[in-house]
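One structure below.
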There are 2 protein chains.
Amino acid sequence: MKWRELDGTACSVARSLAIVGDRWTILILRNAFLRTRRFDDFQAELGITRHLLAGRLAKLVKLGVMSKVAYQERPPRYEYRLTEMGRDWYSVQLALVAWGDKWLAGEAGAPLEFVHQKCGHKFQPVTVCSECREPLDVREISPIIGPGLRPPKRLPG
Amino acid sequence: MKWRELDGTACSVARSLAIVGDRWTILILRNAFLRTRRFDDFQAELGITRHLLAGRLAKLVKLGVMSKVAYQERPPRYEYRLTEMGRDWYSVQLALVAWGDKWLAGEAGAPLEFVHQKCGHKFQPVTVCSECREPLDVREISPIIGPGLRPPKRLPG
DNA sequence: CAGCGTAAGTTCCAAAATAGAACCTTGTCA
DNA sequence: TGACAAGGTTCTATTTTGGAACTTACGCTG
């Protein structure tokens, strides 16, 4: 399988990876959530080469994850902001952070903690079932064929 | 920043990426969740080259995400299973699937759907606050410095 | 017991992606 | 007029991947 074919597969993991399946892209999004918006700021904070950064940002804009917005006209200057699609990536990032905190932080503990303003507490993200609200366990989940894999109904005529 | 340095940074996203930050590794884990266990099965299902697969599996084993278990002695044959650390990756995968389903599946709908055996319903994963159980929104979360970033207390003596 | 099949790798070379550094463009400001 | 700034682009060297063939250790079959 070549990477060109990835987003053609009928798998949402593969399709997602076709967009955000490299480390730099995920780090760019991480910093975007920490309010970074400008080319040079991303470059300095991440240490990514300018060349790659330009390519990654262009791809994210093309695919609708970020948008390029002029913040001044003369000289023309742009910033990159998360779209709704990009903001929605946050649930993946939270899961990634939680996994890293749990398994990789060691004795020192998590580098960052998070406070939920709504309730005022430090929290961990918990993934629950949209129907019964119970936390999900791998062993209690069955995948089934969805509409995206079912053969289309034959049209009349 | 070079990739060697990534897992040395005080960020759980970067540390996680140092392990699972390439597409093949994530696809290997995806198939592991679908019960694939043997070298040749991973190879055939993913289309990854044997060379890379060997490297990725070895890395996952070294870092404790999967374990290599002999399932027969003569000739020696091994299979790869998720450890607890690996099973715990599932929350990230669910978030990734949900994001792909929502933003990339198009009109056809999700390729796979999931049933929660406990309640019997098709569901979406929802990320909630461990304290108040409300769904989390980016704009209601504040990161704060955690113990992993606080300078260590000076030891007496 | 020669030859075929199987699982799990390893080795080799060509093609693609990345790192690192320098350079370019458009405009402001002193 | 020259320095500075933001946002890129171009260049070469190194690293990583892709693709295919080869290896090892055994068991089976005729």
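Labels below follow one simple rule: chain letters A, B, ... track the order of the sequence lines, proteins then strands, and each chain is numbered from 1.
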* **A:Glu73 atom CD: more than 12 heavy-atom contacts under 6.0 Å** => no
* Atom-pair distance (CG on A:Leu27; C1' on C:dT18), nearest Å -> 15 Å
I'd like a list of close polar pairs between nucleotides 4-12 of chain D and the protein, N/O only, cut-off under 3.5 Å.
unit_1 : atom_1 : unit_2  : atom_2 : d
D:dA6  : O4'    : A:Arg77 : NE     : 2.7
D:dA6  : O4'    : A:Arg77 : NH2    : 3.3
D:dA6  : O3'    : A:Tyr71 : OH     : 3.4
D:dA6  : N3     : A:Arg77 : NH2    : 3.4
D:dG7  : OP1    : A:Tyr71 : OH     : 3.4
D:dG7  : OP1    : A:Tyr78 : N      : 3.3
D:dG7  : OP1    : A:Tyr78 : O      : 2.5
D:dG7  : N7     : A:Arg50 : NH2    : 2.9
D:dG8  : OP1    : A:Lys68 : NZ     : 2.8
D:dG8  : OP2    : A:Tyr80 : OH     : 2.5
D:dG8  : N7     : A:Arg50 : NE     : 2.8
D:dG8  : N7     : A:Arg50 : NH2    : 3.0
D:dG8  : O6     : A:Arg50 : NE     : 3.1

* To do: List for me each residue that meets salt bridge (charged side-chain N to carboxylate O under 4.0 Å, His left out) alongside B:Glu140, sequence neighbours excluded, and say none if there are none.
  => none
* **For atom CD of B:Glu73 and atom P of D:dA25, their distance in whole Å** => 16 Å
* In whole Å, what is the span from the NZ atom of B:Lys59 to the P atom of C:dG9? -> 18 Å
* CZ of B:Phe42 versus C1' of C:dA7: gap in Å, rounded? -> 14 Å
* Structure fact -> Here the side chain to side chain donor-acceptor pair (under 3.5 Å) pairs for residues 97-112 of chain B, sequence neighbours left out, are A:Ser12-B:Asp101, A:Asp88-B:Lys102, A:Asp88-B:Trp103
* **Any residue meeting ring-ring contact (aromatic ring centres under 6.0 Å, His included) with A:Tyr90, in chain and number order, not counting sequence neighbours** => A:Phe33
* For D:dT17, does OP1 or OP2 lie under 4.0 Å from any side-chain N or O of B:Arg56? -> yes
* Asked: Crowded around B:Gln72 CD? As in, over 12 foreign heavy atoms under 6.0 Å?
  -> yes
* **Gap between atoms CG and C1', on A:Leu53 and C:dA17 respectively (whole Å)** => 16 Å
* B:Gln72 CD to D:dA25 P: how many Å, rounded? -> 15 Å
* Asked: For the pair made of CG in B:Leu46 and C1' in D:dG19, what is the distance, rounded to whole Å?
  -> 16 Å
* In the hydrophobic clustering (ILVMFWY, side-chain contacts below 4.5 Å, transitive), which residues join B:Val126, or is it alone? -> A:Val126, A:Val128, B:Val128
* Got a sec, which pairs hit side chain to side chain donor-acceptor pair (under 3.5 Å) with one end in residues 115-134 of chain A, sequence neighbours left out? -> A:Glu113-A:Lys122, A:Gln117-B:Ser142
* Structure fact -> Double-helix bend of the helix from C:dC1-D:dG30 to C:dA30-D:dT1, axes at both ends from 5 pairs, round to 10°, gives 10°
* **Results of salt bridge (charged side-chain N to carboxylate O under 4.0 Å, His left out) for A:Arg139 - residues two or more places apart only** => A:Asp137
* A:Trp24 side chain near C:dA19 phosphate (N/O to OP1/OP2, under 4.0 Å) -> yes
* To do: Return the value, rounded to whole Å, for the distance between atom CZ of B:Arg23 and atom P of C:dA16.
  => 15 Å
* Could you list all the ring-ring contact (aromatic ring centres under 6.0 Å, His included) pairs where at least one residue sits in residues 48-88 of chain B, not counting sequence neighbours? => none
